Amino acid sequence: MQRLYDLMDHWSEVMEIGATPPVDDFPWLKYIPQQLLGNWLSRTQQVQAEMNSLYGDLVRHVQRRREQTGALGSFVDKVLDQNKGLELKDHQIYFLAGVALEGGSDTSSAVITSCIQAMVQFPEIQKKAQMEIDAVVDESRTPVWADFAQLPYVTQVVKESQRWRPIGGLGFPHTLTAGKSHH
Amino acid sequence: MREEKRAQFLTTKSNSDQWIDGKLLPKGASVFINLWDIHHDERRWENHDEFDPDRYAGYTMVASEYANSSNYDKRDHYAYGNGRRLCPGIHLGERNIFLGIVKLLWAFRFEKATDSSGKPIDIDTDYQTGYTEGFLINARPFKCKITSRSQARENTIMREFAQVSQDVFSKYETGL
């Protein structure tokens with residue numbers, strides 16, 4: 001986990017707007033010594049090495065375990081089970097699994113943290129949400145996804161958290177195809 | 001600094017010349033999608049900085065349902081981005097976040113912490129000063145008081161944790 005958090009810190013620093021020169025838009029920037037541009041190349045290559053090493057180690061661990069004791073139905077197990085048809089290369093499998101790990105952790109926790117902040121700040125909204133939950137789920141079990149449809153106010157709280165304090169842009173360049181309408 | 005924080009954006013690129021609202025986007029131009037402004041546009045979100053879940057009354061489907069709609073006026077929010085490069089984790093994220101929040105609210109009471117004289121300690125919820133800069137915007141650490149809502153709820157949490165440890169976690173390796 002520590003390796004994941006370290007690499008996410010480093011990656012976030014690289015991806016921060018302004019931290020890396022826009023070399024895809026202005027390729028001539030690649031000819032400027034990187035020392036003048038915040039050592040963007042070394043920092044990017046460090047993240048590349050960290051991702052390859054961590055994601056590769058985790059997938060190889062599953063591969064070894066499958067050889068020794070067999071499949072366990074994890075996400076990577078399922079990808080490997082189907083890989084006869086998919087024929088993904090090792091590197092693609094590393095990133096399929098690694099991105100799920102990376103993209104699914106700090107994003108969700110950031111939304112949950114701003115929601116908690118809102119709940120502290122606006123106790124009457126917290127109370128209303130808890131009254132809704134208490135009418136659907138008693139003390140003998142915690143709420144599950146099957147309760148979703150019965151908890152519209154909680155859903156509204158979640159959506160408002162995502163609007164009120166957006167956790168930020170996943171600032172990856174996109175490419176639009178011709179004729180695509182734009183908002 | 002204010003400008004910087006407001007410029008949380010997604011970037012996108014045009015493959016052909018396009019006219020939008022009377023402005024030409026030449027082929028290959030980078031387009032920045034400012035997520036802060038989209039979510040705090042007074043024309044759609046009155047009193048935009050107020051936390052008000054009632055804005056979403058009647059908007060209670062999962063985000064992917066709205067993202068798939070062709071009517072952008074009916075989008076709930078753009079937290080997962082937009083278009084063909086919409087976050088592929090949207091389905092996982094919706095479930096993850098909902099379950100995280102609903103279980104916390106079921107289990108705990110969240111209140112302001114108090115100082116030594118018993119006065120509540122205010123939280124800085126300001127997007128400029130109370131939140132981090134960067135690629136992913138996080139609340140800066142803040143003080144609060146979290147207590148369990150009842151002993152019965154604590155027992156349920158411990159019982160479910162033991163159950164899931166046995167049924168699920170024990171199958172997999174730990175400490176990798």
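Order of the sequence lines sets the chain letters (A, B, ...), proteins ahead of strands, with each chain counted from 1. Since the structure is predicted, the reported quantities are computational estimates derived from the model, not experimental observations.
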Below 4.5 Å from any heavy atom of chain A, which atoms of [X] appear? Answer side chain, backbone, both or neither.
| X | answer |
| --- | --- |
| B:N155 | neither |
| B:R109 | both |
| B:I38 | neither |
| B:E94 | both |
| B:H39 | both |
| B:F51 | both |
| B:A107 | neither |
| B:D49 | both |
| B:R95 | both |

Which bit of [X] is near chain B, if near means a heavy-atom gap under 4.5 Å: side chain, backbone, both or neither?
| X | value |
| --- | --- |
| A:R65 | side chain |
| A:L72 | both |
| A:P123 | neither |
| A:D134 | side chain |

Using a cut-off of 6.0 Å, state whether more than 12 heavy atoms not belonging to A:E124 lie near its atom CD.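 Yes, enclosed.
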Does the side chain to side chain contact (heavy atoms under 4.5 Å, CB included) test come out yes or no for B:L136 and A:T107, once each step is laid out? CA-CA 7 Å; B:L136 189 96; A:T107 47; 3.8 Å; yes
Any salt bridge between A:K128 and B:D54, counting N to O under 4.0 Å?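 Yes, charged N to carboxylate O under 4.0 Å.
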Which heavy atom in A:R163 sits nearest to a heavy atom in B:E50, and how many Å separate them?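 Residues A:R163 and B:E50, closest heavy atoms: NH2-O, 3.2 Å.
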Shortest non-hydrogen contact between B:F108 and A:Q126, atoms and distance: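 Heavy-atom minimum between the residues: O-OE1, 4.1 Å.
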Between B:T60 and A:Q156, is there a side-chain donor-acceptor contact under 3.5 Å, judged purely by atom types and distance?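 Judged by distance alone, the side chains do not pair up.
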Would you please say whether a donor-acceptor pair under 3.5 Å links the side chains of A:Q117 and B:T125?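 Side chains of A:Q117 and B:T125: no pair found under 3.5 Å.
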Run the salt bridge (charged side-chain N to carboxylate O under 4.0 Å, His left out) test on A:R141 and B:E160 for me, step by step, so that the C-alpha distance in whole Å, both residues' side-chain angles and the decisive distance to 0.1 Å come before the verdict. CA-CA 8 Å; A:R141 66 172 182 92; B:E160 289 191 357; over 6 Å; no
Worked verdict on B:W36 versus A:R165 for side chain to side chain contact (heavy atoms under 4.5 Å, CB included): CA-CA 8 Å; B:W36 167 264; A:R165 292 293 175 261; 4.0 Å; yes
Distance, nearest 0.5 Å, that separates OH of B:Y59 from NZ of A:K159: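 One finds 10.0 Å between OH of B:Y59 and NZ of A:K159.
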Passes salt bridge (charged side-chain N to carboxylate O under 4.0 Å, His left out), A:D147 versus B:K103? Steps please. CA-CA 11 Å; A:D147 300 313; B:K103 282 178 193 281; over 6 Å; no
Given the rule that I, L, V, M, F, W and Y join up when any side-chain heavy atoms are under 4.5 Å apart, are A:V158 and B:F110 in one cluster?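 A:V158 clusters together with B:F110.
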What I'd like to find out is whether the side chain of B:F142 reaches to under 4.5 Å of the side chain of A:I116, using heavy atoms alone.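 B:F142 reaches A:I116 side chain to side chain.
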Under a 4.5 Å cut-off applied to non-hydrogen side-chain atoms, are B:Y127 and A:P166 in contact?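 A side-chain contact exists here, since the closest heavy-atom pair is under 4.5 Å.
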Does the pair B:T156 and A:E139 meet the rule for a side-chain hydrogen bond (donor to acceptor under 3.5 Å, both in side chains), with working shown? CA-CA 7 Å; B:T156 298; A:E139 293 194 310; over 6 Å; no
What residue, out of A:Q121, A:R3, A:K127, has the most heavy-atom pairs lying under 4.5 Å from chain B?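 Answer, by heavy-atom pair count under 4.5 Å with chain B: A:Q121.
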Taking every non-hydrogen pair under 4.5 Å, which of B:I146, B:L92, B:D52 racks up the most with chain A?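 Highest number of heavy-atom pairs under 4.5 Å: B:D52.
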